[in-house]
Structures are given as C-alpha cells and as structure tokens.
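As the structure is a computational prediction, the values presented were derived from the model and not from experiment.
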Amino acid sequence: MARRSTASVFARAYERNLKALTKITLSNSKRVAGQVQRAAAKRMKPPPGKGDWLSGMAMGAGGARGYHLFRPADLNLQPGEKLPLMVMLHGCGQTGRDFASSTRMNALAVRQRFLVLYPEQDRLAHPQGCWNWYERRSGKADAEAATLMAAVDQACMLYPVDRDRVALAGLSAGASMAALLATRYPNRFRAVVMHSGVAPGAAKSSATALGAMRGQNVPPMPVTAVGKAMGAAAVFATLPPMLVLHGDADAVVAPSNAASSAAVWATAMGARPGLSRDTQRGKRRAMRVTDFKRKGRTVVMLCEIAGLGHSWSGGAARLMFSDPSGPDATRMTWAFASAQFKHAAKATKD
C-alpha cells in the first residue's frame, strides 16, 4: 500500500507540473503569436503620408521583386498630365516601408506632387535585405538591376509617370545599386543620389565588397579605367548628374567613398571640382559642399556631413539608420532632382 501511495503522489505531482507547463507553454505561444501578428500588421501598415500605398510585383532577369508605389491623394490631374517619379532604394536591414518612414519622402511628394517607388529586396535573394550591387563578376548584380528596371517600367505603364522626369536615390547598399542602375541605364534617369554608398566600380564580388566598404579598391581616375570599372555606358552615354551625401563619422561605409564616388562620376562626365564651401542650417550638423562642373553647370555635388554616422541625414527620429540632426537629405534629394528636370526640359525646348 505504501508503494502505491507514493506512486500516486508522484503521479499527481507529475500531472500538476504537466498542467502548469502546458499552461505556461500556451501562454507563451499566445504571447509570441501576438507579437508576430503585431509585427506583421506593422509591416502591412502604410507609412506616414496622405495618399495610397500601392503594392506590385515585377519580374526580370534577377527573379521577382515586390514594390510599393506611393501616390499622393487629391492630385487632381489635368487630362494627359504626367508626374515625376522618385525611385527609392532602401539599405540593408530595411524594407521599403522603413525607408519611406525614415526619409519622409511621401510627405514631400504630397507637397510637390510626384510619385515615389519603393522596390523591395527579397530575403531569399539576400538574408539581410541588401541589394546585390557588388556581384558583378557572377552577373547577379546586373540581373538584379534589370529586375529593378522592370519595376520602374511597370510603374511607368500603370501610373501617370513622366518618363522624362525619373530620378533615383538610395541609402548604403541602395546607394550603390542606384549608381549601378544609372550606369546600366543612363538615359532612363535624370538624376541619381548616393547616400552613404560605396564608390562605383570598387567591387565585383562579395570578397571585394568588404574591402570596398572600407574605402579600398577604388578604381583609378582615367576615363578609360572608369569606363571599364563602371561599364561601357559610363563612357559612351551621358550619365545623369549625381548628388553624393555621406557622414564623416560613418563606421559602416568608409567616408572616403564619398569623395571617390564624386571623383569617379565627375571624371566620367568630364567635370572638374570647384572650391569647397562649409554650410550649416540652424542647429543641424554642418557639411562641406563641393561642386563638380562641366561647361559651367554642376553635374556632381559632394556633401560631406560632419559627425553623421551611417544614417539618412535629417531622417525621422527613433528609427534605424535615421538621424534627425543632420541636414535634410530628403529635401536636398528632391531639390537636386527637380533642378535636373528643369534643365532637361529647357534643353529640349532649345
């Protein structure tokens, strides 16, 4: 009897522990499920901006890539009216929604009446969500660029886009991919903006990408060498003007990449640097600006921002890769792009 009594005590204790463990497991499962649902809901929620957050999918040589297009509300388009398009390429660890929230480009699009396209890197293509800008040797980078171009083409077909007023901007890996896109399809973009990116032509594989991020492997300056590094389009067709933004405290992509990017692009465009000037607006971080001109026109602008890390300058607070204390990179991006739109329109009339 004593043995059965002891066994039954253990059995009851085991049952109680099992019930308690089951209760805890179910509670944790519900909590985790709730966290997953909230995270998913957050990803699906449109970023700030009065307008429509429209989803799409493009197919190309690099496979399928999703995208979102922001269309401002109350456009009141005139018959046949077309709008400018700003293509925004996010950085590693970001989504298109993250980039839209950080840059607040949608709010500016509402005020200035333009469309914004946010292509999305697939995590199967890169685990950290980086664009494969450096895989030139394998052909993966060019294939991915072709898919991004397919997304731009699709946006131009589905929405009222003025194909003569398309600009391109990116952060980090997005900046490097933006430069690659502009060299492969130079006649499709009126302006390109590199924020905290690697100098064009500095990497051709994953092995050389790390060195490039440290400021190594920068291609030599002669036009023929630049053309070889960036692609024949860099020499035989007119590249779009470039704005380069970079923080001098960037610990992810060496700040020296900024000057290298500007110099490489300016060399390919036949532009020469002028005197640098220091500017500061209010309490925002100061920056040094250098214009590279060709026939009196600024075709490359280099902005080196004091104390800025690897972040979008002037971006929304409390977001990754976003620093509200810097100069407003979003405003500068649009100002640079719109200036190129106006120049192109004037040249067409003349």
Closest non-hydrogen contact found for Ser325 with Asp323 is OG-OD1, 2.6 Å
Please tell me whether His343 and Arg297 have a donor and an acceptor in their side chains that are separated by less than 3.5 angstrom.
yes
Residues 280-312 vs disulfide (SG to SG under 2.5 Å), sequence neighbours excluded, gives none
**Asked** Would you say Asn257's side chain and Ala254's backbone share a donor-acceptor pair under 3.5 angstrom?
**Response** yes
Are side-chain N/O atoms of Thr330 and Trp312 paired as donor and acceptor at under 3.5 Å? yes
Is there a continuous path of hydrophobic side-chain contacts, each under 4.5 Å between heavy atoms, that joins Val300 to Phe336?
no
Exercise. Do side-chain atoms of Arg163 reach the backbone of Arg188 as a donor and acceptor pair under 3.5 angstrom?
Worked result: no
Leu54 vs Tyr159 side-chain heavy atoms within contact, under 4.5 Å:
yes
What one should report as the nearest heavy-atom pair of Leu69 and Ala155 is CD1-CB, 4.0 Å
Does Asp153 reach the main-chain N or O of Ala150 with its side chain, forming a donor-acceptor pair under 3.5 Å?
no
Open item on the list: Treating Glu144 as the side-chain partner and Asn132 as the backbone partner, does any N or O pair qualify as donor plus acceptor under 3.5 Å?
Closed with: yes
- Is there a side-chain contact between Lys82 and Leu77 (heavy atoms, below 4.5 Å)? no
All heavy atoms of Gly314 vs all of Arg284, minimum pair found to be CA-NH1, 3.7 Å
Hey, are the side chains of Ser261 and Pro200 touching, using non-hydrogen atoms and a 4.5 Å cut-off?
yes
Sequence neighbours excluded, the answer for salt bridge (Lys or Arg N to Asp or Glu O under 4.0 Å) partners of Arg104 is none
ask   = Just checking, any donor-acceptor pair under 3.5 angstrom between side chains of Tyr118 and Asn106?
value = yes
Side chains of Ser176 and Trp131: closer than 4.5 Å at any heavy-atom pair?
no
When Arg65, Gln94, His126 are each screened for side chain to side chain donor-acceptor pair (under 3.5 Å) with Gln121, the one that passes is Arg65
Minimal heavy-atom distance between Thr183 and Leu180, with the atoms involved, is OG1-O, 2.7 Å
- prompt: Under a 4.5 Å side-chain heavy-atom rule over Ile, Leu, Val, Met, Phe, Trp and Tyr, are Leu171 and Met287 clustered together?
  reply: no
(message) Given 3.5 Å as the limit, does a donor-acceptor pair link the side chain of Glu120 with the main chain of Gly96, or not?
(response) yes
- Message: Working note: Ser206 + Glu135, criterion side chain to side chain contact (heavy atoms under 4.5 Å, CB included); need CA distance, chi angles, decisive distance, verdict.
- Response: CA-CA 6 Å; Ser206 57; Glu135 293 286 4; 3.8 Å; yes
* Asked: Do side-chain atoms of Ser102 reach the backbone of Phe99 as a donor and acceptor pair under 3.5 angstrom?
  -> no
The complete set of disulfide (SG to SG under 2.5 Å) pairs with one or both residues in residues 98-162, sequence neighbours excluded, reads Cys92-Cys130
Q. Between His246 and Ser196, do the side chains contain an N or O donor and an N or O acceptor separated by less than 3.5 Å?
A. no
Less than 4.5 Å apart, side chain to side chain, heavy atoms only: is that true for Leu302 and Phe292? yes
- prompt: If Ile, Leu, Val, Met, Phe, Trp and Tyr residues are connected whenever their side-chain heavy atoms lie under 4.5 Å apart, and connections chain through other members, are Met59 and Met149 in the same group?
  reply: no
task = State, yes or no, whether a side-chain contact exists between Leu89 and Pro119 at a heavy-atom distance under 4.5 Å.
result = yes
| message | Looking at Glu304 and Arg285, is any side-chain nitrogen of the basic one under 4.0 Å from a carboxylate oxygen of the acidic one? | response | no
Would the distance check show the side chain of Gln154 and the main-chain N or O of Ala151 forming a donor-acceptor pair, the cut-off being under 3.5 Å? no
Scanning both residues in full, the closest heavy-atom pair of Met86 with Thr333 reads CE-CG2, 3.9 Å
For Phe341 and Pro84, the nearest pair of non-hydrogen atoms, with its separation, is CE1-CB, 3.8 Å
Donor-acceptor contact below 3.5 Å, side chain His195 vs main chain Ser313 = yes
**OP:** Please check if any side-chain donor atom of Ser172 sits under 3.5 Å from a side-chain acceptor atom of His310, or the reverse.
**Re:** yes
Does Asp291 come within less than 4.0 Å of Arg277, counting only side-chain N to carboxylate O? yes
Before accepting this row, confirm whether a basic side-chain N of the pair Asp74/Lys50 lies closer than 4.0 Å to the acidic partner's carboxylate O. yes
Exercise. Give a yes or no answer on whether the side chain of Asp248 reaches the backbone of Gly307 with a donor-acceptor pair at less than 3.5 Å.
Key: yes
In Leu108, Val166, Val161, the residue satisfying side chain to side chain contact (heavy atoms under 4.5 Å, CB included) with Phe114 is Leu108
task = Flag the pair Val116 / Leu85 as yes when at least one side-chain heavy-atom distance between them is below 4.5 Å, and no otherwise.
result = no
- Test item: Met194 and Trp265 side chains (from C-beta on) under 4.5 Å apart, heavy atoms: no
Query raised in the report: Between Thr208 and Ala203, is there a donor-acceptor pair closer than 3.5 Å when you use the side chain of the first and the backbone of the second?
Result: no
